[in-house]
Amino acid sequence: MAKHSESFVCQDCGAVYRKWQGRCDACGSWNHIQEETAAPAVPKGLSAGKGKALNFTGLNARPESVARAQTGMSEFDRVLGGGLVPGSAILIGGDPGIGKSTLLLQASAQIARRGIPTLYVSGEEAVGQIGMRAQRLGLADAPVQLASANSLRDILAGIEANLPKQGGPAVIVIDSIQTIFADNIESAPGTVNQVRACSQELIRLAKRSQASVFLVGHVTKDGQIAGPRVVEHMVDTVLYFEGERGHQFRILRAVKNRFGATDEIGVFSMTDGGLSEVSNPSALFLGGAEEAGKVTPMSGAAVLAGMEGTRPLLVEIQALVSPSPLATPRRTVVGWDSGRLAMVLAVLDTRCGLRFAGCDVYLNVAGGLRVVEPAADLAVAAALLSALADSPAPERTVFFGEISLAGEVRPVSQAESRLKEAAKLGFQQAVMPNGLKSKVKGIKAIELIRLHELVELFPQARQASRRAGRQGSGSQGDWGEE
């Protein structure tokens with residue numbers, strides 16, 4: 001009989017070591033290596049005669065048509081790629097208290113009301129606690145089957161007993177995978193071996209029964225789903241539920257999806273009655289707008305016509321440039337890449353002759369949204385120029401375009417969708433790259449070839465830059481003095 005050996009496993013990446021050490025060589029994390037009992041090795045030397053021969057087909061084989069099950073929440077269905085695929089395994093993570101359980105309870109209630117058997121298993125809360133939340137959300141009448149358990153053996157037996165005998169679509173929610181344990185593994189719940197084994201059994205159940213399984217995962221302090229990364233490779237879809245505690249909106253983002261796009265987002269608003277879908281996210285992210293299409297005139301603000309998957313979003317970019325008393329000025333970024341900001345500042349300095357060396361620069365994306373696409377370069381540059389010149393950007397104007405290191409404004413994709421969204425919200429002109437050949441009624445296009453053409457829209461920026469340069473060279477005085 002094989003003996004169990006002791007090993008030390010990193011709880012972040014799953015790397016195995018023969019002895020304990022403080023830092024994991026694979027992922028670089030500290031104090032995440034724990035002692036675990038390794039499972040017995042798999043016997044080697046399997047003969048080919050014991051397996052079942054596979055039937056191979058050609059590339060011209062037609063796939064079977066799959067009917068997706070709608071969740072009843074259009075934003076949720078958008079992120080999933082159009083609905084739930086039978087037999088799919090979905091991993092969803094997010095910060096504690098962000099609303100993962102609320103989202104899944106609301107989705108489960110909507111699915112159950114459509115006549116699809118729905119099972120909700122919680123390893124963190126009692127059935128009474130889930131019932132109290134359902135009453136608060138007005139979902140107590142939904143035919144969702146609740147259970148509270150931590151043993152994987154009990155969960156599998158209970159699920160198989162309540163699944164429809166004739167097969168068909170069904171939905172299973174496991175909240176959360178870190179609280180489930182398999183009694184044949186000598187490790188605490190949440191460890192690498194437990195998470196991997198429990199996830200594998202639940203995914204096997206989903207494939208065998210054609211039920212859609214939701215696995216809720218905890219996240220680390222870095223915002224990544226806790227546990228070994230191999231779990232994210234095992235499931236079909238990985239979703240992140242994001243949001244700031246100080247803002248009412250929440251964003252459901254797909255980072256992996258075998259049945260749809262990986263750059264789609266769903267926008268929800270947290271209210272007293274639970275999560276409500278946001279039909280017009282652009283109006284939500286325009287931070288200082290009093291009415292659609294009209295932003296309060298102020299310096300240091302520019303509206304980005306961005307894209308999240310196939311959805312256009314208008315977002316307000318805010319910048320603040322102030323004289324710095326420090327030898328090394330501050331560069332603070334919220335909602336954007338700090339390295340990208342450094343690149344834009346360097347291009348403005350080198351290619352356009354503007355000095356930010358003696359200034360503190362603060363950049364913020366209004367509403368707490370995180371922007372990752374390079375099309376935001378032009379809007380960021382416009383916000384920086386507006387803040388430096390202390391002059392508002394042109395009213396009812398959106399910006400989008402990528403900036404190269406040579407100071408060129410490069411084209412971006414889906415320009416027509418961006419302009420249509422801007423026109424719908426009342427914007428009248430767009431500062432954009434040259435040669436996109438997109439004409440939208442009601443929008444005047446200001447096409448740029450090089451970045452210095454954007455600087456000409458803020459004539460006071462060069463004068464302010466010269467004042468900042470003199471102050472950075474050692475002259476003392478007020479920011480506005482010549």
Looking at every non-hydrogen atom in both residues, tell me the closest pair between Cys10 and Val192 and how far apart they are. O-CG2, 3.3 Å
Do the non-hydrogen side-chain atoms of Leu275 and Phe241 ever get within less than 4.5 Å of each other? yes
Heavy-atom closest pair (Val412 atom, Ala375 atom, distance to 0.1 Å) is CG1-CB, 3.7 Å
If we ignore hydrogens and angles and just use 3.5 Å, is the side chain of Asp175 paired with the main-chain N or O of Val121 as donor and acceptor? no
Quick one: side chains of residues 445-458, donor-acceptor pairs under 3.5 Å with protein atoms, not counting sequence neighbours, listed by atom name and distance.
residue	atom	partner	partner atom	Å
Arg450	NH2	Ala406	O	2.6
Glu453	OE1	Ile449	N	3.3

For His218, is there any backbone N or O sitting under 3.5 Å from a side-chain donor or acceptor partner on Gln178? yes
Could you pull out all residues at least two apart from Lys256 that satisfy salt bridge (Lys or Arg N to Asp or Glu O under 4.0 Å)? none
With a 4.5 Å heavy-atom cut-off, do Arg396 and Lys444 have their side chains touching? no
Can you tell if the side chain of Ser269 reaches within under 4.5 Å of the side chain of Arg250, non-hydrogen atoms only? no
Do side-chain atoms of Lys100 reach the backbone of Asp95 as a donor and acceptor pair under 3.5 angstrom? yes
Arg78 and Ile265 have their tightest heavy-atom pair at CD-O, 3.3 Å
With a 4.0 Å cut-off on N to O distance, would you call Lys424 and Glu421 a salt bridge? yes
When rounded to the nearest 0.5 Å, the distance separating CG of Leu345 from CG of Leu354 is 10.0 Å
Side chain proximity check, Leu384 to Val361, heavy atoms < 4.5 angstrom: yes
Using distance only, find each side-chain donor-acceptor pair of residues 323-335 under 3.5 Å and give its atom names and separation, not counting sequence neighbours.
residue	atom	partner	partner atom	Å
Ser324	OG	Leu326	N	3.2
Ser324	OG	Asp360	OD1	2.9
Arg331	NH1	Cys359	O	2.6
Arg331	NH2	Phe356	O	2.9

Residues that Gln34 engages under side chain to side chain donor-acceptor pair (under 3.5 Å), provided they are two or more places apart: none
Distance col, row Gln110:CD vs Thr118:OG1, nearest 0.5 angstrom, shows 10.5 Å
Under the 3.5 angstrom rule, does the side chain of Asp377 hit a backbone N or O of Ile403 as a donor-acceptor pair? yes
Between Gly300 and Ser386, which heavy-atom pair has the shortest distance, and what is it? N-OG, 2.8 Å
Decide yes or no for Leu137 and Leu105: does some side-chain heavy atom of the first lie under 4.5 Å from some side-chain heavy atom of the second? yes
With a 4.0 Å cut-off on N to O distance, would you call Arg370 and Glu308 a salt bridge? no
Just checking, is any N or O donor in the side chain of Thr397 or Gln429 under 3.5 Å from an acceptor N or O on the other one? yes
Side-chain (Trp20) to main-chain (Ile33) donor-acceptor, under 3.5 angstrom: yes
So does Arg133 pair up with Glu125, basic N to acidic O under 4.0 Å? yes
If I take atom CG from residue Leu104 and atom OG from residue Ser176, how far apart are they, to the nearest 0.5 angstrom? 11.0 Å
So, the side chain of Thr350 versus the backbone of Val347: is there a donor-acceptor pair under 3.5 Å, distance only? no
If we only count heavy atoms from C-beta on, is the Ser276 to Phe268 side-chain gap below 4.5 Å? no
By side chain to side chain donor-acceptor pair (under 3.5 Å) - contacts of Ser74 (at least two apart): Glu277
Would you name the heavy atoms of Ala366 and Val315 that are closest together and state the gap between them? O-CG1, 4.2 Å
Regarding Asn257 and Thr237, do their side chains bring together a donor and an acceptor under 3.5 Å, going by distance alone? yes
Under 3.5 Å, is there a donor-acceptor pair between the side chain of Ser212 and the main chain of Val85? yes
Would you please say whether a donor-acceptor pair under 3.5 Å links the side chains of Asp390 and Ser299? yes
Indicate yes or no for a side-chain donor-acceptor contact from Gln21 to the backbone of Arg23 under 3.5 Å, with no hydrogens or angles considered. yes
Heavy-atom closest pair (Gln70 atom, Asp77 atom, distance to 0.1 Å) is OE1-OD2, 2.9 Å
Has Gln210 got a side-chain atom pairing as donor or acceptor with Lys207's backbone, closer than 3.5 angstrom? yes
Atom pair CG (Leu91) and NE2 (His233), whose distance is rounded to the nearest 0.5 Å: 11.5 Å
To the nearest 0.5 Å, how far apart are CG in Leu239 and CG in Leu252? 5.0 Å
Who are the side chain to side chain donor-acceptor pair (under 3.5 Å) partners of Glu242, not counting sequence neighbours? Arg253
Go through it in stages, so that I can follow the logic: the residues are Trp30 and Cys24, the test is side-chain contact (heavy atoms from CB on, under 4.5 Å), and I'd like the CA-CA distance, side-chain angles, deciding distance and then a yes or no. CA-CA 6 Å; Trp30 287 87; Cys24 176; over 6 Å; no
Measure the shortest side-chain to side-chain distance between Phe214 and Ile90 over non-hydrogen atoms and say whether it is less than 4.5 angstrom. yes
Between OG on residue Ser391 and CD on residue Gln460, distance to nearest 0.5 Å: 5.0 Å
For a 4.5 angstrom cut-off between non-hydrogen side-chain atoms, does Met298 reach Pro392? no
Has Arg351 got a side-chain atom pairing as donor or acceptor with Leu405's backbone, closer than 3.5 angstrom? yes
Lys/Arg N to Asp/Glu carboxylate O, Glu373 vs Arg418, below 4.0 Å: yes
